[in-house]
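The block underneath contains the structure these notes are about, expressed in structure tokens.
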Amino acid sequence: MDYRAAHSCKRRGDDLVLKSSIQAWQVGGVLIEYCYYPPSFGVPLPKHSHIEYQLGVSTDTSGGYRYRGTSHPTPAGHFSLLHSGEVHTTLRKGEWIDQPRTYWMMYIPPEQFSKLTFAYSGAPGLPFFPEPVICDRPLLRDFLAFFQSLERPSALEHTERLLACLSQLVARHAEQRRPQPKPQRDRRRVQQVQAYLDAHLSETVTLQDLAQLVDLSPYHLHRLFRQQVGLPLHQYQISARVARAKQLLLQGLPLKRVAEEAGFADQSHFTRQFKRLLQVTPGQYQVQSGVLR
């Protein structure tokens with residue numbers, strides 16, 4: 001299947017102008033995106049994080065991330081794997097890129113990996129992937145077969161193929177250990193604040209509100225949250241709102257309602273923040289994913 005045919009385009013005079021596009025699917029609770037970017041200036045993404053694990057791969061483009069204080073180039077055909085909650089940004093600078101670029105991105109909820117880990121080891125907990133860049137040709141072949149299957153209207157096949165791929169990923173590349181734990185009390189407080197923000201995305205929340213929630217001064221909470229999460233509170237909130245907006249867009253909700261339910265001040269603010277992180281507008285994301293025709 002030639003996924004490059006999926007990108008959006010328009011004609012100006014005799015020139016074909018290609019536009020960035022993202023198609024999205026939900027399979028078994030996992031968000032899958034196919035991203036196409038035409039020749040253009042590379043745009044580095046701002047620092048951000050995801051509640052989910054992020055797994056990405058491209059067969060035609062090299063890339064990379066700044067992650068855990070180190071640069072990790074990702075050659076074409078290699079997987080990039082970022083842990084849940086880890087702050088990262090792309091390595092791409094503002095230089096001209098001559099070739100189109102395509103990427104597959106997958107956002108896997110931690111509970112999915114937790115279930116797979118338990119199935120293999122019988123022990124609870126999340127897997128730890130020591131290598132953020134993975135070269136595994138058999139796994140790449142199986143993931144590409146899964147992506148191909150998305151053309152076919154078989155939810156059962158989609159789910160089975162994805163589960164098989166993620167199982168191989170855990171079995172071959174995960175370790176049964178966790179990153180260095182943070183102080184329990186501080187970690188619980190930060191997790192409580194994150195959970196509160198995630199549950200109140202459409203509400204106005206002040207730093208004072210959050211500080212009172214965990215019995216800290218606003219200054220102490222600001223410093224602790226940034227130290228442990230790697231982002232200021234407001235940037236975490238924006239990332240969480242964009243993630244929620246993706247889910248609502250794939251349900252076919254009108255853009256104005258998505259902006260309201262995800263907690264953006266207005267549709268203009270929603271569009272600006274969404275495009276800043278994904279390089280396409282909410283409307284393009286919805287149409288290109290086949291939600292609206």
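None of the values given here were measured: they were computed from a predicted structure. Numbers for residues simply follow the sequence, beginning at 1. All heavy atoms count here, side chains included; hydrogens, waters and symmetry mates do not.
Aromatic rings of His48 and His50 (six-membered ring for Trp) have centroids within the 6.0 Å cut-off, being under it. Taking the six-membered ring for Trp and the full ring otherwise, His83 and Tyr53 have centroids separated by under 6.0 Å. Between Phe128 and Phe113, the ring center distance fails the sub-6.0 Å criterion. Between Tyr65 and His88, the gap from one ring centroid to the other is short of 6.0 Å. The ring of Phe264 has its center closer than 6.0 angstrom to the ring center of His269. Trp104 has its ring centre no less than 6.0 Å from the ring centre of Phe143.
Across all non-hydrogen atoms, the minimal contact from Gly77 to Val57 is C-CG2, 4.3 Å. Across every non-hydrogen atom of Leu224 and Val190, the tightest pair is CG-CG2, 3.9 Å. Among all heavy-atom pairs drawn from Gln288 and Ser21, the shortest one is OE1-CA, 3.0 Å. In terms of heavy-atom proximity, Ser239 sits nearest to Ser49 at CB-O, 3.8 Å. The minimum heavy-atom distance linking Gln192 with Val214 is given by the pair OE1-CG1, 3.6 Å. For Ser289 against Ala24, the heavy-atom pair with the smallest separation is OG-N, 2.7 Å.
Residues Glu111 and Lys115 are not paired through a salt bridge, judged by the lack of any N-O separation under 4.0 Å between the basic side chain and the carboxylate.
Not one N or O on the side chain of Gln26 forms a donor-acceptor pair closer than 3.5 Å with the backbone of Gln247. Between the side chain of Gln284 and the backbone N or O of Thr281, at least one donor-acceptor pair lies under 3.5 Å. Checked by atom type and distance alone, the side chain of Ser114 never pairs as donor or acceptor with a backbone atom of Pro110 at under 3.5 Å. In terms of modelled atom types and a separation under 3.5 Å, the side chain of His78 and the main chain of Ser62 share no donor-acceptor contact. Looking at Ser58, its side chain does come within 3.5 Å of a backbone N or O of Thr102 through a donor-acceptor pair. A donor-acceptor pair is defined here as one N or O able to donate and one able to accept, closer than 3.5 Å; such a pair exists between the side chain of Arg101 and the backbone of Pro38. Of the possible donor and acceptor atoms, none in the side chain of Glu33 sits under 3.5 Å from a partner among the backbone N and O of Ile22. Of the possible donor and acceptor atoms, one in the side chain of Gln286 sits under 3.5 Å from a partner among the backbone N and O of Leu253. Using a distance-only test at 3.5 Å, with no hydrogens or angles considered, no donor-acceptor pair links the side chain of Arg226 to the main chain of Pro232.
With no hydrogens or angles considered, a side-chain donor-acceptor pair links Arg66 and Ser71 at under 3.5 Å. Arg276 and Gln273 are linked by a side-chain donor-acceptor pair at a separation below 3.5 angstrom, with hydrogens and angles left out of the test. No side-chain N or O of Gln191 forms a donor-acceptor pair with one of Arg188 less than 3.5 Å apart. Side chains of Tyr37 and Gln99: no donor on one and acceptor on the other come within 3.5 Å.
Within the 4.5 Å cutoff, the side chain of Lys47 has heavy atoms near those of the Leu231 side chain. Residues Leu169 and Ile134 form a side-chain contact, since some pair of their non-hydrogen atoms from C-beta on lies under 4.5 Å apart. Ser20 has its side chain out of reach of Tyr36: every pair of non-hydrogen atoms, C-beta onward, lies at least 4.5 Å apart. Side chains of Tyr107 and Val30 form no contact here, defined as non-hydrogen atoms less than 4.5 Å apart. Taking 4.5 Å as the limit, every side-chain heavy atom of Pro127 sits out of range of all side-chain heavy atoms of Glu175. In this structure the side chain of Phe147 reaches within 4.5 angstrom of the side chain of Met106, judged on heavy atoms. In this structure, Pro138 and Asp136 have side chains that are in contact, with non-hydrogen atoms separated by less than 4.5 Å. Val27 places a side-chain heavy atom less than 4.5 Å from the side chain of Leu150.
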Give every donor-acceptor pair under 3.5 Å between a side-chain atom in residues 196-204 and any protein atom, sequence neighbours left out.
from: Asp198; atom 1: OD1; to: Tyr236; atom 2: OH; distance (Å): 3.1
from: Asp198; atom 1: OD2; to: Tyr236; atom 2: OH; distance (Å): 3.2
from: His200; atom 1: ND1; to: Tyr196; atom 2: O; distance (Å): 2.8

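Val133 and Leu139 are members of different hydrophobic clusters when ILVMFWY side chains are connected at heavy-atom separations under 4.5 Å.
Between Tyr285 and Phe274, the ring planes are perpendicular. Angles over 60° get that label, and only those under 30° would be called parallel.
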TODO: Start with the C-alpha gap between Asp142 and Arg161, add the side-chain angles, then the distance that decides, and say whether salt bridge (Lys or Arg N to Asp or Glu O under 4.0 Å) holds.
DONE: CA-CA 8 Å; Asp142 290 344; Arg161 284 187 179 274; over 6 Å; no
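Surrounding CD of Glu131 are at most 12 heavy atoms belonging to other residues, nucleotides or ligands under 6.0 Å away.
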